[in-house]
Amino acid sequence: GIQVEQSPPDLILQEGANSTLRCNFSDSVNNLQWFHQNPWGQLINLFYIPSGTKQNGRLSATTVATERYSLLYISSSQTTDSGVYFCAVAIRYNFNKFYFGSGTKLNVKP
Amino acid sequence: EAQVTQNPRYLITVTGKKLTVTCSQNMNHEYMSWYRQDPGLGLRQIYYSMNVEVTDKGDVPEGYKVSRKEKRNFPLILESPSPNQTSLYFCASSILGGSTGELFFGEGSRLTVL
């Protein structure tokens, strides 16, 4: 199956700092999403972004499908941004199967 | 409110005692799927369903069964649970699966098998 690699695995930030999370994938994808898993375990949709750039408040994401990577930018981080960030992809030739990266664990300190 | 609802949220059971985790969505989505989350492994897909009566295996289907008799419901069945099925389980739905659109997740079901 496809390999989905996220980096860094762990990240500690001071409140107010900016960060970039990366998701690399090993095959052509039909679908790419970013999720935030909060400390209570809930998975929150951040972006559906198989290609291009999107922004939502302090968060933005860019996917360069031809180069097989996606970036999630967090600006002016807040303690509520803490948690684990996952990217998930569905590949072109079997788009009903989703593959997740192992996540980036973010800890924003006040 | 659009949502995916799982029950139970927490369950402790013993080896071999059959259990069912229910999943229901109210968004009229065609696609539904189950995942398990284990430390350091991210989420792994167990089964998915493209429509009523159409299901297929994900990457870790062993020890699980599913059925899709109605569009809104997609229960996960553990016929004879074992301790290695202790995990956090998520159900998700989407309009048309990975071809387009977002996955929406339920709140998760934490299962412990003793």
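Numbered from 1 within each chain, the chains take letters A, B, ... in sequence-line order.
Both A/L32 and A/L59 are assigned to one and the same hydrophobic cluster, defined by single-linkage of ILVMFWY side chains at heavy-atom distances under 4.5 Å. Tracing side-chain contacts under 4.5 Å through hydrophobic residues (I, L, V, M, F, W, Y), one reaches B/L78 starting from B/L11; they form part of the same cluster. B/Y89 and B/V60 fall within a single hydrophobic cluster, where Ile, Leu, Val, Met, Phe, Trp and Tyr side chains are chained together by heavy-atom contacts under 4.5 Å. Clustering ILVMFWY residues whenever any of their side-chain heavy atoms sit less than 4.5 angstrom apart, transitively, puts B/F90 in a cluster other than the one holding B/I46. Under a hydrophobic-cluster definition in which Ile, Leu, Val, Met, Phe, Trp and Tyr are linked whenever side-chain heavy atoms come within less than 4.5 Å, directly or via other members, B/L88 and A/V84 are assigned to the same cluster.
The environment of CZ in A/R22 is crowded: more than 12 heavy-atom neighbours from other residues, nucleotides or ligands sit within 6.0 Å. In this structure, A/I44 places its CD1 atom where more than 12 heavy-atom neighbours from other residues, nucleotides or ligands lie under 6.0 Å away.
Of the inter-residue distances, the one linking A/F98 atom CZ with B/Y31 atom OH reads 5.0 Å to the nearest 0.5 angstrom. Distance check: B/E102 CD to A/L46 CG gives 10.0 Å after rounding to the nearest 0.5 Å.
Contacts between A/Q6 and chain B at a heavy-atom distance below 4.5 Å are absent for every atom of the residue. Contacts of A/Y99 with chain B are made by side-chain atoms alone, with heavy-atom separations under 4.5 Å and no backbone atom involved.
Across all non-hydrogen atoms, the minimal contact from A/Q33 to B/L103 is OE1-N, 2.8 Å. Between A/N96 and B/Q45, the shortest heavy-atom contact is O-NE2, 3.4 Å.
Along residues 100-110 of chain A, the residues that come nearer than 4.5 angstrom to chain B, judged on non-hydrogen atoms, are A/F100, A/G101, A/S102 in order of number.
Side-chain contact between B/Q37 and A/L43 is absent, with no heavy atoms from C-beta onward closer than 4.5 Å.
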